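Only this structure's heavy atoms are used, side chains among them; waters, hydrogens and symmetry mates stay out. These numbers come from a predicted model, not from an experiment.
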Amino acid sequence: MEKIYQTKTKTNKTVSAKPETIQFLLNYSKSLKVTEAKGIKFESNLN
Amino acid sequence: MIQALEDSQLVKDYMNGNERAIEVLIHRHNARLTGFIYSKVGDRELTEDIFQDTFMKVIRTLKRGAYNEEGKFLPWVMRIAHNLIIDHFRKSNRMPMYDATETFNVFSLMGDEKLNAESQLIKEQIDSDLARMIKELPEDQQEVLQMRLYKEMSFKEISENTGVSINTALGRMRYALINLRKLVEANSIVLTN
């Protein structure tokens, strides 16, 4: 009987953001402070 | 425990200062959002950039307390990403970006009007060949050809200057070109750059 040669199909890897991107976002979130003075919101990044 | 909370609760917690909540939200929607961006832009690095910009906008909006709770979190985030993708394409249409590869050099797109050294030499050669051949033509044909090509005169002006009719000037020009072609063929001269 004829042999069926089958190559392994590529498994579709789901794309997702890199861990370093996520870490950057978390650090950004922690460093971002919004302060309000006289009804105006100020953003400041405290690195 | 926090993982089980709904998006809306996590958003509230984050707005109240719980940093862990945004981490859960990012991880929860990472694959979905990245897949969405990647399906539109088809580039891994660009996907990463837009993902990052999207969540930076999300974080800023939430920290400013400007998030409208009426909508659902994920569709809102997708909308931000969608707008950023559109911005990217608008920008890249205005300023198309070319990547250099082995077979394609970005400098091939940039040129200046001037001829390069080789083309300049060829042009000089053609000019001198042509000038030499024009001198071989009969006097009357030579005169009309020079007035027409080098002085850019109209046939009316040529007829006034040479004292012949326009038809005669046209005829001389025609014969000048026919004779030039014969000379080119006879001398096997290539007159192209």
Out of curiosity, B:Glu48 CD to A:Ser16 OG, how far, rounded to the nearest 0.5 Å?
-> 8.5 Å

Gap between atom OG1 of A:Thr35 and atom NZ of B:Lys63 - 0.5 Å precision = 11.5 Å

Cut-off 4.5 Å, heavy atoms of chain A, and the answer for B:Arg60 is both

Would you indicate whether B:Arg44, at its atom CZ, is surrounded by more than 12 heavy atoms from other residues, nucleotides or ligands within a distance under 6.0 Å?
-> yes

Are B:Leu121 and B:Ile126 connected in a single hydrophobic cluster, I mean Ile/Leu/Val/Met/Phe/Trp/Tyr linked by side-chain heavy atoms less than 4.5 Å apart?
-> no

Say you draw a straight line from CD1 of B:Ile26 to CG of A:Leu26; how long is it, rounded to the nearest 0.5 Å?
-> 5.0 Å

With hydrophobic residues grouped by side-chain heavy-atom distances under 4.5 Å, do B:Ile166 and B:Val164 end up in a single group?
-> no

Cationic N near anionic O, under 4.0 Å, A:Lys18 to B:Glu45 | yes

Has A:Lys33 got more than 12 heavy atoms of other residues, nucleotides or ligands less than 6.0 Å from its NZ?
-> yes

Any chance you could measure A:Ile22, atom CD1, to B:Asn30, atom CG, to the nearest 0.5 Å?
-> 4.0 Å

Which bit of B:Tyr38 is near chain A, if near means a heavy-atom gap under 4.5 Å: side chain, backbone, both or neither?
-> side chain

Whether over 12 other heavy atoms sit under 6.0 Å from B:His82 NE2 = no

B:Phe55 and A:Thr21: side chain to side chain contact (heavy atoms under 4.5 Å, CB included), yes or no, with the steps?
-> CA-CA 10 Å; B:Phe55 266 104; A:Thr21 305; over 6 Å; no

Can you see which heavy atom on A:Ser29 is nearest to which on B:Ile22, and at what distance?
-> OG-CG2, 3.9 Å

Step by step, work out the side chain to side chain contact (heavy atoms under 4.5 Å, CB included) result for A:Val15 and B:Thr47.
-> CA-CA 9 Å; A:Val15 275; B:Thr47 301; 5.9 Å; no

Check the hydrophobic clustering (I, L, V, M, F, W, Y; side-chain heavy atoms under 4.5 Å; chains of links allowed) and say if B:Met173 and B:Ile178 are grouped together.
-> no

Is it true that B:Tyr150 and B:Tyr175 fall in one hydrophobic cluster, defined by side-chain heavy atoms closer than 4.5 Å?
-> no

